[in-house]
Amino acid sequence: MPEQTTQDLLASNGNRRILITSALPYANGPIHIGHMLEYVQTDIWSRFQKLVGNECYYVCADDTHGTPIMLSAQKQNITSEELIAKSHIDHQKDFGAFGIAFDNFHSTHSEENKFYTETIYNRLLENGHIARRTINQLFDPEKQMFLPDRFVKGECPKCGSADQYGDNCDVCSATYSPVELKNPKSAVSGATPVLKDSEHFFVKLQDFEAMLKQWLKTGVSQQMANKLNEWLDVGLQEWDISRDAPYFGYQIPNEPNKFFYVWLDAPIGYMASFKNLCDKTAGLEFDDFWNKDSKAELYHFIGKDIINFHCLFWPACLTAANYRTPSKVFAHGFLTVNGTKMSKSKGTFIKAATYLEYLNPEYLRYYFAAKLSSKIDDFDLNLEDFVQRVNSDLVNKYVNIASRCAKLVQKSGGVMHAEIDHPSLLKEFQNEAKQVETHYENRDYGKASKLIMSLADKANTYIDEKAPWKLAKDEATADEALKVCSMGINLFRILSIYLKPVLPSLVTNVENFLNASPLTWSDIQSPLLSHQLNKFIPLMKRVDIKQVEAMVASSVEAAAQISKTTKKNNAEKSTKIESIKPEIQFEDFDKIDLRLAKIISAEHVEGADKLLQLKLDIGEGEKQVFAGIKSAYAPEDLVGKLTVMVANLAPRKMRFGLSEGMVLAAGPGKKDLWLLSPDDGAQPGMRVK
RNA sequence: GGCAAGGUAGCUCAGCUGGUUAGAGCACAUCACUCAUAAUGAUGGGGUCGGUGGUUCAACUCCACUCCUUGCUACCA
């Protein structure tokens with residue numbers, strides 16, 4: 001396992017020089033809680049490194065280039081620069097509110113980034129790693145631009161589903177090239193794209209195969225290596241790094257109308273942001289961190305979707321350009337909410353700004369921390385669990401310790417006792433520091449939280465056993481009561497240090513209460529004796545499930561507004577897109593026996609994603625049909641309904657049984673599907689003519 | 001379709017290189033306590049570890065097959 005150097009690294013605490021990054025948020029949209037998982041994960045690590053005394057810099061930037069940003073700006077009638085400037089402000093606001101303490105948050109649309117992008121490109125070119133090749137791509141004749149896959153829509157070449165993107169089909173999950181789409185349309189203008197030649201520039205990744213295989217041995221976890229070996233096994237292909245004008249990005253030097261693909265300059269944004277930080281910070285040298293022989297540590301935190309960019313293209317480019325490679329790339333899974341993908345219609349697509357309207361950001365920081373591990377597994381935000389976890393761990397266990405001790409200490413003027421009541425218990429708390437460190441270092445925050453909470457349990461049990469409230473009632477034992485409560489506060493103080501990377505703002509309030517300078521890791525070993533405390537004010541309120549519900553409701557509302565318009569657009573688009581089939585004769589039509597059918601029963605099919613099993617009455621007997629309408633209709637809403645079916649279609653054996661016909665429905669698919677039904681009075685079995 | 005990760009108590013998760021009655025937190029129940037933001041403490045009920053078949057003296061842990069979930073599948077970002 002490549003993680004094994006951890007203990008060595010811990011041994012050198014205080015001497016390490018570390019540069020860490022989170023993936024750059026795309027400047028074309030707001031930050032949502034899925035993004036936040038990564039920034040919180042990275043921020044905790046960064047704060048931890050600083051807390052234990054390492055030299056650590058956490059940089060990030062907005063990812064500002066590419067076709068989507070260009071088009072989005074056009075749509076809003078503003079320049080791309082104006083769009084990304086707006087995003088920059090919004091993003092920083094969200095990050096600030098969630099306590100993400102970047103040392104620098106820059107932009108890929110910056111002098112520094114242009115410089116390093118050109119430098120890396122030039123070095124790739126000089127070393128013979130750039131190839132030129134003419135490729136054939138779809139081109140929008142109206143907009144006069146080449147179309148990325150995502151901006152071409154049409155019918156799936158495999159299953160014929162309408163309204164599919166140019167790279168893969170949502171319905172049958174086939175993958176293909178946009179050229180294969182039937183009836184392709186430009187999603188930008190609606191025009192029919194034409195094929196056009198264009199010369200593109202490629203990085204010859206094959207040149208780096210040996211280097212990458214070597215790097216993967218130390219740079220990623222076993223889990224990630226498995227995934228990456230897929231690409232290595234099928235053989236690395238040339239990576240297309242150019243795009244034709246019009247494109248919002250940097251022009252390739254000496255190549256008019258050719259621009260760098262956004263994914264080339266995005267990771268370079270890490271360098272640019274750090275360079276920008278160096279220019280503002282006396283004594284901080286860019287080369288110390290990025291030179292080939294740098295002894296500093298460099299870590300990238302990313303989501304699992306962009307592993308290939310960070311673990312193949314990026315190390316290759318760095319090596320080719322004579323820079324150092326990352327020490328490690330840490331990938332995390334995706335955020336699901338209540339077990340499924342974030343969904344706008346369910347209200348679980350929650351923007352950071354929406355969350356902030358209803359809830360304390362440190363709740364989420366803690367919940368993330370409580371469940372995060374170093375693994376690449378997806379992370380489920382279960383909203384009920386979230387409420388319980390935060391209330392129980394943070395308020396009922398941890399904060400409660402201070403809360404139950406504070407008043408009794410206050411009685412004696414707020415001055416803590418001169419002695420430790422239970423030295424061995426204190427020792428036990430102190431001795432866990434190494435273990436907590438290891439967990440943080442390994443990004444096993446879940447294990448750290450568990451350990452910290454088990455200590456909190458011990459503190460509560462200790463207080464219960466000593467029952468200081470009883471001791472306080474008797475003059476003779478009042479001193480002992482103070483001693484116990486002071487002990488409780490000291491235990492609480494240690495827990496606060498352990499939790500500080502996760503809950504920076506809460507712990508700031510703790511520091512105020514303790515009347516102490518900012519807590520550091522070394523404070524663990526020196527308890528407070530005869531120390532004057534400040535008045536205790538409640539440190540954290542419980543989460544109310546109602547707040548969570550309100551947040552979800554408001555997310556649903558926001559999404560409904562958007563989907564109303566897109567739904568309309570989609571409907572219009574799909575009627576436009578689907579062209580009329582070639583003319584047929586009446587005899588052809590007459591072969592099709594359409595009958596009115598009454599839905600007798602409708603049931604979910606176990607194991608089927610899209611199918612409902614329908615029993616239909618067509619006058620003379622029953623027919624069983626498996627219909628792909630689960631996404632749009634609930635079975636209970638269908639029973640008793642009249643609809644139209646193709647009654648003489650050859651039965652087809654499906655995985656779940658025999659389907660003896662088809663019911664008729666229209667629409668692009670998913671939720672947008674409408675079953676045909678006759679007006680009142682019609683009877684099952686009547687032929688449709 | 002190919003590949004990856006996951007499928008362990010009601011919920012969220014631990015279970016390393018196979019070994020006594022499968023663990024924790026929350027939730028639930030009972031009792032205790034009343035200092036604390038109705039918090040805390042003690043005790044207890046509850047799972048045979050997605051399924052099938054193997055390997056083994058012994059499997060949640062290894063192998064094969066299978067089902068389910070999520071994700072990736074490079075000129076999308």
Side-chain angles (χ1 to χ4, degrees), chain A residues 26 28-29 63 65-69 133 135-137 146-152 158 165-168 172-175 177-178 198 200-202 205 223-224 226-231 233-234 236-243 261-263 266 303-309 312-313 333-334 336 339-341 367 370-371 373 375-378 380-382 384-389 391-393 395-397 399-408 446-447 449-450 453-454 457 459-465 467-473 481 484-485 488 536 538-542 606-607 609:
Chain A
Y26 201 51
N28 188 29
D63 179 17
H65 293 150
T67 309
I69 283 179
R133 186 148 53 82
I135 63 166
N136 207 245
Q137 216 184 350
F146 284 95
L147 294 165
D149 290 358
R150 276 295 154 113
F151 290 95
V152 185
K158 301 249 162 64
Y165 288 115
D167 47 1
N168 65 66
C172 72
S173 73
T175 59
S177 139
S198 169
H200 275 230
F201 293 54
F202 296 81
L205 272 184
Q223 263 185 327
M224 291 164 69
N226 289 347
K227 186 72 199 165
L228 286 157
N229 280 326
E230 263 182 59
W231 281 294
D233 288 346
V234 298
L236 292 167
Q237 291 171 34
E238 296 183 338
W239 179 36
D240 189 345
I241 56 157
S242 72
R243 294 293 183 273
Y261 174 43
V262 53
W263 257 112
K304 64 180 179 182
D305 53 332
I306 53 176
I307 285 176
N308 56 346
F309 291 103
L312 298 177
F313 307 161
F334 284 124
T336 56
T340 53
K341 244 191 286 190
Y367 189 73
K371 286 175 69 175
S373 75
K375 294 203 282 186
I376 199 167
D377 310 9
D378 286 346
D380 186 43
L381 166 59
N382 180 291
E384 250 175 76
D385 185 53
F386 166 78
V387 173
Q388 288 172 350
R389 189 68 165 258
N391 288 345
S392 164
D393 284 4
V395 185
N396 298 352
K397 284 183 184 176
V399 166
N400 184 234
I401 298 166
S403 167
R404 67 196 302 201
C405 292
K407 211 182 248 175
L408 280 173
K447 286 184 183 159
S449 310
K450 218 161 264 173
M453 285 310 140
S454 77
D457 284 342
N460 275 313
T461 307
Y462 158 78
I463 296 166
D464 243 64
E465 280 167 359
W469 55 93
K470 280 182 187 158
L471 299 171
K473 280 176 186 153
V484 170
C485 289
F536 180 81
L539 291 165
M540 179 174 263
K541 276 195 251 168
R542 287 194 180 73
E606 189 150 341
D609 296 333

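Throughout, protein chains are lettered first and strands after them, A, B, ... in sequence-line order, and every chain is numbered starting at 1.
- Applying the salt bridge (Lys or Arg N to Asp or Glu O under 4.0 Å) test to Asp149(A) and every residue at least two apart in sequence or in another chain returns nothing.
- Remark on RNA chain B: of its neighbouring residues Ser403(A) and Asn460(A), the 5'-side contact belongs to Ser403(A), judged by nearest-heavy-atom nucleotide.
- Taking atom CG on Asp63(A) and atom P on C76(B), their separation rounds to 16 Å, with Å as the unit.
- Atom P of C49(B) sits at a distance of 15 Å from the matching atom of U21(B), rounded to the whole Å.
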Identify each atom pair where a protein N or O and an N or O of nucleotides 6-11 of chain B are less than 3.5 Å apart, giving names and distance.
none

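- The listed nucleotides are U37(B), C75(B), A74(B); the one nearest the side chain of His200(A) is C75(B).
- The distance from atom CG of Asp457(A) to atom P of G25(B) is 7 Å, rounded to the nearest whole Å.
- Nearer the 5' end of RNA chain B, as judged by each residue's closest nucleotide, is the contact made by Thr461(A), out of Gln237(A) and Thr461(A).
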Going 5' to 3' through nucleotides 29-34 of chain B, assign each nucleotide B (protein heavy atom under 4.0 Å from a base atom), S (under 4.0 Å only from sugar-phosphate atoms) or - (no protein heavy atom that close).
-> ----SS

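- When every heavy atom of Val484(A) is checked against every heavy atom of Tyr462(A), the shortest pair comes out as CA-OH, 3.6 Å.
- With sequence neighbours excluded, no residue forms a ring pair (Phe, Tyr, Trp, His ring centres under 6.0 Å) with Trp469(A).
- Under 4.0 Å is where a charged nitrogen must lie from a carboxylate oxygen, and between Arg404(A) and Asp464(A) at least one such pair does.
- Counting any heavy atom pair closer than 4.0 Å across all strands shown, Phe146(A) reaches no nucleic acid atom.
- Among the nucleotides U12(B), U37(B), G71(B), the one closest to any side-chain atom of Lys371(A) is U12(B).
- Within 4.0 Å (heavy atoms only), Gln137(A) reaches sugar-phosphate atoms of the nucleic acid but no base atom.
- Among the protein residues, Tyr261(A) comes within range of the nucleic acid bases, having at least one heavy atom under 4.0 Å from a base atom.
- In summary, of the residues considered (Ile69(A), Asp63(A), Thr67(A)), a side chain to side chain contact (heavy atoms under 4.5 Å, CB included) with Asn28(A) occurs for Ile69(A) alone.
- Every residue meeting the side-chain contact (heavy atoms from CB on, under 4.5 Å) condition with Cys405(A), not counting sequence neighbours, appears here in chain and number order: Ile463(A), Cys485(A), Ile489(A).
- Protein atom CZ of Phe202(A) is 14 Å distant from nucleotide atom P of A74(B), rounded to whole Å.
- The backbone N or O of Met453(A) lies less than 3.5 Å from no partner atom in the side chain of Lys397(A), so there is not a single donor-acceptor pair.
- In the set A74(B), U40(B), U37(B), the nucleotide with an atom closest to the side chain of Leu236(A) is A74(B).
- Considering only side-chain N and O atoms, Lys341(A) lies under 4.0 angstrom from the phosphate OP1 or OP2 of G71(B).
- Residue-level contact check: Phe386(A) touches neither bases nor backbone, having no heavy atom under 4.0 Å from any strand.
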Checking side chain to side chain contact (heavy atoms under 4.5 Å, CB included) for the pair Ile376(A)/Ile307(A): CA distance, chi angles, key distance, verdict?
-> CA-CA 11 Å; Ile376(A) 199 167; Ile307(A) 285 176; 3.6 Å; yes

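- Asp377(A) contributes no side-chain N or O that, together with a main-chain N or O of Gly333(A), makes up a donor-acceptor pair within less than 3.5 Å.
- Between Ile376(A) atom CD1 and A4(B) atom C1' the separation is 8 Å, expressed in whole Å.
- Leu408(A) comes within 4.0 angstrom of no nucleic acid atom, judged by non-hydrogen atoms across all strands.
- Of the nucleotides present, G1(B) is the one that pairs with U73(B) by Watson-Crick or G-U wobble criteria, both distances under 3.5 Å.
- Atom C1' of nucleotide A77(B) and atom CG of Asn28(A) are separated by 9 Å, given to the nearest angstrom.
- Every residue two or more places apart in sequence or in another chain that forms a salt bridge (Lys or Arg N to Asp or Glu O under 4.0 Å) with Arg133(A) is listed here: Glu238(A).
- Across the protein-nucleic acid pair, Lys447(A) atom NZ and G23(B) atom P stand 19 Å apart, rounded to whole Å.
- Side-chain atoms of Asp378(A) come within 3.5 Å of backbone atoms of Phe334(A) as a donor-acceptor pair (strictly under, hydrogens ignored).
- Within the nucleic acid shown, Leu539(A) comes within 4.0 Å of at least one base atom, counting heavy atoms only.
- No hydrogens or angles were tested; on distance alone, nothing pairs the side chain of Trp239(A) with the base of A74(B) as donor and acceptor under 3.5 Å.
- Residue Pro468(A) is out of contact with every strand shown, counting any heavy-atom pair closer than 4.0 Å.
- We find that CG of Asn400(A) is positioned 5 Å from C1' of A36(B), with the value rounded to whole Å.
- The residue Met540(A) sits close to a base: some heavy atom pair falls under 4.0 Å.
- Here Lys407(A) reaches the OP1 or OP2 of A36(B): one of its side-chain N or O atoms lies under 4.0 Å away.
- Remark: C1' of A42(B) and OH of Tyr462(A) are 19 Å apart, rounded to the nearest angstrom.
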